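All remarks here apply to the structure that follows.
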Amino acid sequence: MKDGYAAFLLSFCLHRFNGERSLAAVYHLFSGKKSAQTLQDSKWFQLAPFFGVWKDITFSEIEAAAQSLFENGLIVPVQNRAYILTEKGKRWLDEQLQRTFFPTHLNGWRYHDLEKWFWYRLSLLVQTLSNLLHHTSFEPIHRHEKTLMWVKRYLLSQRRTVRTLAETLYGELYRLLDDVSEEEATVFTLRLTSYARIGWTNEQIASYLQKDRVCVQFQFQNVLHYMMASAEADRSSILYELMHGLSLPIPLTLSAQKTYEWLLRGKPLGEIARLRRLKRSTIEDHVVEIAANIPQFSIAPFVHEKKAAKIIETARKLKTRKLKRIRDAIGDDVSYFEIRLVLAKEGEMW
Amino acid sequence: MVTLTQLLQKKFGYSSFRKGQQEIIEDLLRGYDVLAMLPTGGGKSLCYQLPAYLLPGSVLIISPLVSLMEDQVRQLRERGEKRAIAFNSFLETREKWRALEQLDQFRFIYVSPEMLQSERLLIALTNTPISLFVVDEAHCISQWGYDFRPDFLKLGEIRRQLGSPPCLALTATAPPEVMNDIIDILQLSPLRCHIHSVDRPNIAIKVEKLSSLSEKVDRLLDYVKRLQGPGIIYFSSRQWTETMARQLQQEGIERVAYYHAGMDAEQRMLVQQQFLRGQLDIVCCTAAFGMGVNKENIRFVLHFHMPGQMEAYLQEIGRAGRDGEKSIAILLYTNGDDGMIQSLMEAELPDDAQVKQLCENLLYGASRDDVEQYMDMCLFTDVQKRIFTYFLEKEGVFSSNRPLAKQEIDRLYGKVTKNIELRRQWKRKKLKEMEKWIFRRSCRREAIVQAFGQTLTDKPEQCCDCCGLSLDGYLRTNEEKHPTRFLGWRVELQRIFF
Ligand SMILES: [Zn+2]
């Protein structure tokens with residue numbers, strides 16, 4: 001099928017969205033839009049691993065992939081530019097999930113901001129070490145000043161020799177690459193630049209392996225995220241040191257962050273709205289966003305416990321997150337704000 | 001006293017000067033302003049790096065090419081010169097700002113023009129004795145140059161603020177009208193000009209007219225298969241670079257890639273370095289490729305689409321044969337190309353609806369930020385923004401800091417429209433020149449040289465298609481095979497580290 005791997009990923013997301021979100025939601029998910037809606041959606045529909053993992057995707061690429069799925073009878077449109085999988089589509093997706101590569105280590109939610117800088121540091125360190133060991137001169141493969149400075153300082157601060165450092169890094173990379181598939185290890189190694197070879201682009205690797213470019217891109221990212229996760233678990237590794245000072249994102253919109261700061265200082269919603277000259281409904285949106293993303297945030301001050309239990313029960317029973325249906329079922333004494341807040345806090349309920 | 005040649009040997013390890021260098025340095029040391037037109041790769045940087053060791057103060061170098069600037073600082077450091085620093089937009093490390101407090105400690109201060117907007121940097125520079133003010137790529141100063149950068153226009157004023165130190169303006173290609181702009185804006189006086197011939201005798205020039213696009217594509221494939229590489233192929237759009245790179249691969253030409261400004265920084269750098277290191281033979285690219293690519297052995301430059309003007313053409317073919325070996329430039333033309341290029345070029349100008357909408361918005365505020373916001377709203381491209389901002393600045397719009405009145409806006413709209421029309425006419429004129437050159441029947445080399453106000457003294461044996469040209473010497477002689485030597489990731493990983 002045309003747009004092979006992109007279409008596969010799209011069908012996966014559409015399946016999770018279950019006709020409740022349009023193609024634009026997929027676009028915002030991949031490109032990592034930090035809006036309350038996208039942040040909430042990615043948790044709610046269990047698509048957080050894909051958040052922000054394809055930043056330069058264009059909407060027309062998604063449309064093209066959707067078109068191709070549609071033409072093959074795998075999806076059908078419902079309302080508002082949303083699609084659901086046909087029976088054939090579901091069978092196809094199942095088959096693909098068995099057969100094709102799936103990025104199981106992907107953690108866009110945690111690493112979408114970091115991956116680039118981690119890769120820049122790692123690849124520049126590898127290039128530098130390789131050239132030092134072989135006494136060759138080279139031009140840095142990245143021009144990003146902060147990365148250049150960081151790698152330089154890192155090398156200067158070493159008590160290990162270049163030889164030892166290289167051997168240790170080699171050992172760490174070897175072990176992790178040995179854990180992933182042969183193909184993923186190949187993709188990752190080909191991306192590296194050394195004294196003898198400038199790294200290949202995703203497209204070059206794809207044509208060498210006769211694979212889809214998008215698939216290669218995700219294989220690469222999958223390995224990268226796996227390395228970051230392993231690094232975080234092993235604080236004595238070089239890879240862990242490479243993550244030093246790269247801050248993990250707080251998954252809140254900027255405006256919601258401000259509101260959160262006020263809430264932490266104990267201000268009531270009405271006053272925050274007044275202070276920030278925002279509508280109360282906007283502040284409520286922020287609270288929902290905070291509830292969805294900050295696990296330690298308690299919603300008890302905003303919704304009575306009994307009400308919350310009722311909302312959860314109703315949502316489960318009706319298998320929906322449509323606010324109106326829930327409110328119709330419970331009655332007028334719950335507000336939309338309360339329903340949204342509870343649903344946001346509950347996140348992945350089923 | 002040491003002679004210049006001794007100093008050259010001592011500091012740079014060369015035993016003799018290249019053509020023109022010594023004369024330029026001597027004029028600078030005598031206190032003249034110098035306008036130098038030297039071919040790229042002709043050792044421009046030495047012209048200011050050497051005097052730096054004889055002058056009492058610092059040398060300030062303004063360069064628009066951030067990557068080149070970084071390379072130079074690195075090369076200087078490798079040569080043991082610690083007193084070199086580069087300020088450009090993505091250098092905001094604390095040390096750089098700390099360096100401002102002792103700027104006079106540096107012998108070489110590289111600055112990008114947009115950094116000169118920084119008040120702090122300017123003040124620090126004013127307090128630093130500057131012995132030489134160098135403007136690299138000086139043609140960017142002229143709004144008639146093919147690479148106009150409005151930031152450059154302030155350089156004249158800045159030079160005055162720094163006490164008018166002697167100035168060296170460097171460029172590789174500038175026709176007479178651009179040179180006049182350089183002299184005017186930088187106020188070069190007393191002036192010595194060192195103009196190297198723009199002619200590159202080792203590059204043969206050929207134009208070939210084809211009757212249809214498909215014939216042109218076939219011809220391109222044919223050339224790429226037969227010509228001795230490495231080579232560059234220029235296209236007018238990103239889409240074309242990708243399409244043709246893929247088609248070439250399908251035709252069995254493996255070591256080819258595309259390059260354009262729409263790719264992310266890493267992929268661009270990979271392609272560029274692969275080409276430099278000989279991992280690639282062919283790059284299909286837009287005009288974005290080439291600046292700062294210092295590859296000596298490029299054997300051919302193909303133009304699948306004609307550039308919009310002679311200066312750009314000359315700059316692009318000039319990337320061939322830096323090593324002095326014989327090379328060839330071939331331009332493929334089909335009827336209608338000029339029309340397409342014209343519409344591409346004019347798309348760089350804001351259209352009337354955009355201008356109208358933007359001017360109307362000025363009723364609500366006219367600060368620089370406001371205008372930038374409006375430009376985004378009106379979907380201006382980067383080039384359009386650059387031209388427009390420059391124009392509004394010239395008209396003093398930003399300094400008013402209040403919304404404009406209706407009358408003022410009407411007047412402004414009139415001026416803007418007139419200015420845009422002028423640019424359109426000028427672009428058409430440049431394109432006409434290019435077109436005329438394509439259809440010309442006598443020596444093409446002569447015409448190029450004349451367009452730059454020079455005369456041709458010698459014609460090489462392999463001159464151009466009008467004078468008669470044989471392709472024989474430019475064809476591939478032996479079939480080089482480059483098998484991909486990738487023996488699995490384990491072997492490769494080992495090779496990297498051991
Ligand atoms: Zn001729």
Side-chain angles (χ1 to χ4, degrees), chain A residues 55-56 58 116 119-120 123 126-127 129-134 137-146 148-150 162-163 165-171 173-174 177-178 180-205 207-209, chain B residues 66-71 73-75 77-78 86-96 242 245-246 249-250 254-259 262-280 292-294 484-498:
Chain A
K55 293 200 185 59
D56 57 354
T58 61
K116 180 170 171 185
W119 166 246
Y120 271 27
S123 49
V126 169
Q127 185 192 20
L129 287 174
S130 179
N131 279 282
L132 285 174
L133 287 171
H134 293 89
S137 68
F138 69 103
E139 201 178 321
I141 200 70
H142 304 292
R143 291 213 186 275
H144 184 249
E145 170 77 4
K146 281 189 179 142
L148 293 170
M149 293 295 286
W150 191 89
V162 170
R163 174 92 270 157
L165 188 66
E167 276 168 20
T168 319
L169 182 57
Y170 167 80
L173 291 178
Y174 188 94
L177 290 175
D178 207 28
V180 298
S181 71
E182 285 297 296
E183 198 166 74
E184 284 168 274
T186 302
V187 166
F188 192 87
T189 315
L190 284 172
R191 283 285 302 264
L192 289 170
T193 292
S194 66
Y195 82 102
R197 186 179 61 84
I198 303 296
W200 293 5
T201 65
N202 284 334
E203 190 153 331
Q204 289 168 333
I205 297 172
S207 90
Y208 175 67
L209 297 175
Chain B
V66 173
S67 56
L68 233 63
M69 180 150 121
E70 296 286 315
D71 288 348
V73 171
R74 219 185 38 247
Q75 284 161 13
R77 295 209 179 127
E78 276 167 17
F87 292 95
N88 52 52
S89 51
F90 52 72
L91 306 189
E92 285 185 56
T93 51
R94 241 171 284 140
E95 300 94 285
K96 299 273 148 127
E242 297 192 14
R246 289 194 188 116
Q249 276 169 344
Q250 278 158 15
E254 279 173 1
R255 307 193 339 142
V256 53
Y258 60 86
Y259 182 107
M263 296 153 65
D264 75 47
E266 187 188 2
Q267 312 277 311
R268 272 194 324 229
M269 184 60 105
L270 289 173
V271 170
Q272 187 176 315
Q273 289 208 24
Q274 287 174 2
F275 188 57
L276 284 173
R277 293 273 295 259
Q279 274 170 242
L280 284 172
V293 177
N294 215 339
T484 310
R485 284 227 313 247
F486 179 71
L487 305 166
W489 70 267
R490 289 182 176 80
V491 177
E492 180 70 13
L493 198 65
Q494 178 125 32
R495 185 170 75 148
I496 293 174
F497 290 100
F498 293 94

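What you are looking at is a predicted structure, and each value in this text was computed from that prediction instead of being measured. Chain naming here is simple, since letters A, B, ... match the order of the sequence lines and numbering starts at 1 in each.
- Neither the backbone nor the side chain of A/Phe188 comes within contact range of chain B; no heavy atoms are under 4.5 Å apart.
- Neither the backbone nor the side chain of B/Phe275 comes within less than 4.5 Å of any heavy atom in chain A.
- Between the side chain of A/Ser130 and the backbone N or O of A/Val126 there is no donor-acceptor pair closer than 3.5 Å.
- Considering only heavy-atom pairs separated by less than 4.5 Å from chain B, the leading option among A/Gln127, A/Lys116, A/Glu139, A/Arg163 is A/Glu139.
- For a residue to count as touching a neighbouring chain, one of its non-hydrogen atoms must lie under 4.5 Å from one of that chain's; by this rule B/Gln273 touches chain A with backbone and side chain alike.
- A side chain to side chain contact (heavy atoms under 4.5 Å, CB included) with A/Trp200 holds for exactly one of A/Thr193, A/Thr189, A/Leu192, A/Ile205; it is A/Ile205.
- Of the listed residues (A/Thr201, A/Leu129, A/Val187), the greatest number of heavy-atom pairs within a distance under 4.5 Å of chain B belongs to A/Thr201.
- If you measure heavy-atom distances from B/Gln494 to chain A, the contacts under 4.5 Å come from both the backbone and the side chain.
- With a 4.5 Å cut-off on non-hydrogen atoms, A/Asp178 touches chain B through its backbone and its side chain both.
- Proximity to chain A (any heavy atom under 4.5 Å) is restricted, for B/Arg74, to the side chain, taken from C-beta onward.
- Between the side chain of B/Gln249 and the main chain of B/Val256, a donor-acceptor pair closer than 3.5 Å is present.
- For A/Leu133, the part lying near chain B is the side chain, with the backbone staying farther off; criterion is any non-hydrogen pair under 4.5 Å.
- Here the side chain of B/Arg255 pairs a donor or acceptor atom with the backbone of B/Gly278 at under 3.5 angstrom.
- The closest side-chain donor-acceptor pair between B/Gln274 and A/Gln204 falls under 3.5 angstrom.
- With hydrogens and angles ignored, the 3.5 Å screen pairs a side-chain donor or acceptor of A/His134 with a backbone N or O of B/Phe498.
- With a 4.5 Å cut-off on non-hydrogen atoms, A/Leu190 touches chain B through its side chain but not through its backbone.
- Across all non-hydrogen atoms, the minimal contact from A/Leu148 to A/Pro140 is CD2-CB, 3.7 Å.
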